[in-house]
Amino acid sequence: MKACLLVRPAPVETQPLQYTEAPVPEPGSGEVLVRVLCCGVCRTDLHVVEGELTPKKSPVIPGHQIVGVIERSRSGASRFPVGSRVGVAWLHKTDGICSYCRSGAENLCDHPEFTGYTVNGGYAEYVVAPEQFLYAIPENFSDQQAAPLLCAGIIGFRALRLSGIQSGGKLGFYGFGAAAHVAIQVARHWGVDVYAATRDARHQRLALDLGAKWTGGTLAEPPVQLDAGIVFAPAGEIVPAALKVLRKGGTLVLGGIHMSPIPSFDYDLLYQERVVRSVANNTRQDGEDFLKVAAEIPIETRVQLFPLQEANRALNALKNDAIPGAAVLQIAS
Ligand SMILES: [Zn+2]
Ligand SMILES: [Zn+2]
């Protein structure tokens, strides 16, 4: 099969992904072989490719927002018939037995496997995955539209939940990439006003287009105090700036898997029961709940398509804020 292999992490400008031939993977017990139709490009892929996340497997095929069709099942896999359209997301597998898994927090599992990081992902024509971790893709989404829902969408949804925002509330977004452009549609659906701080003019326009009340530069102060905030951009200097406009008791959610160092700040910014918390991965329940809401709204993702062999170019565009919405690799039709 054709695949994009990462042999050694390096700046994406040096084209670290090699478009090459790789063996079609063999599904193990309880696993299915998925023929990949398309795969969304996530900022986490950029962190994997550039080595900000410690390499766990080498070489590795990145990609964890996979829409595909089940080609073949191994024994023990009968949840979806062959030919079903399914989604493969970041959480490849958990151990199912640690204290986190047993208490409904499988996103924090002690022994997790992650698609496109600890196991091969979807920048390829085929991928294997345990069928218990697959998602059914709601029918009203095209393959390309659905791909960014599988990480950008689900993680944004978990971040929204953790922010505690309620209908009628005022919510700040810091950075306005793929996750934010989906999350704003859920927030608007819940009757939440969104204030979007982001450096790129195209992203500001997209935010206004999707119903943001206000947009400004990354460190610009919104005109109102906010009930909650979500930091999507991986820039630690946003944290004190965002706390400055957060009301007493408000929550600031850090949505990324990686962030540059957070500068020290005055305790006054945190005092009065303000909460800063991160989001780590998601549970399958988050994914199921989100896809249901996404189909009801319905969410409209803005996607820019790239062929598989141009994955380096797609990541480079993402790094330079040049994608309004989400980048998606088109792999088959
Ligand atoms: Zn576990
Ligand atoms: Zn992701």
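Both ligands and their constituent atoms are indexed starting at 1 by order of listing. Only heavy atoms go into these numbers, but all of them, side chains included; no hydrogens, no water, no symmetry mates.
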The single option from Gln225, Arg274, Gln272 passing side-chain contact (heavy atoms from CB on, under 4.5 Å) against Arg247: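 Single pass found, and it is Gln225.
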Got a donor-acceptor contact below 3.5 angstrom from the Asp193 side chain to the Lys170 backbone?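 No.
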Quick check on the Zn ion (ligand 1): does Asp95 put an N/O/S atom closer than 2.8 Å to it?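 Within the cut-off used here (under 2.8 Å), Asp95 does place an N, O or S atom near the Zn ion (ligand 1).
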Are Arg284 and Phe133 in a cation-pi contact, defined as NZ or CZ under 6.0 Å from the six-membered ring centre and within 45° of the axis?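 Yes, Arg284 sits over the ring of Phe133.
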Any idea which N/O/S atom from His64 gets closest to the Zn ion (ligand 2)?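 It is NE2, the N, O or S atom of His64 closest to the Zn ion (ligand 2).
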Heavy-atom side-chain contact between Lys93 and Val119 under 4.5 Å: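 Side chain of Lys93 against side chain of Val119, heavy atoms only: no contact under 4.5 Å found.
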Between SG of Cys109 and SG of Cys98, what angle is found at the Zn ion (ligand 1), rounded to 10 degrees?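 Cys98 SG and Cys109 SG form an angle of 120° at the Zn ion (ligand 1).
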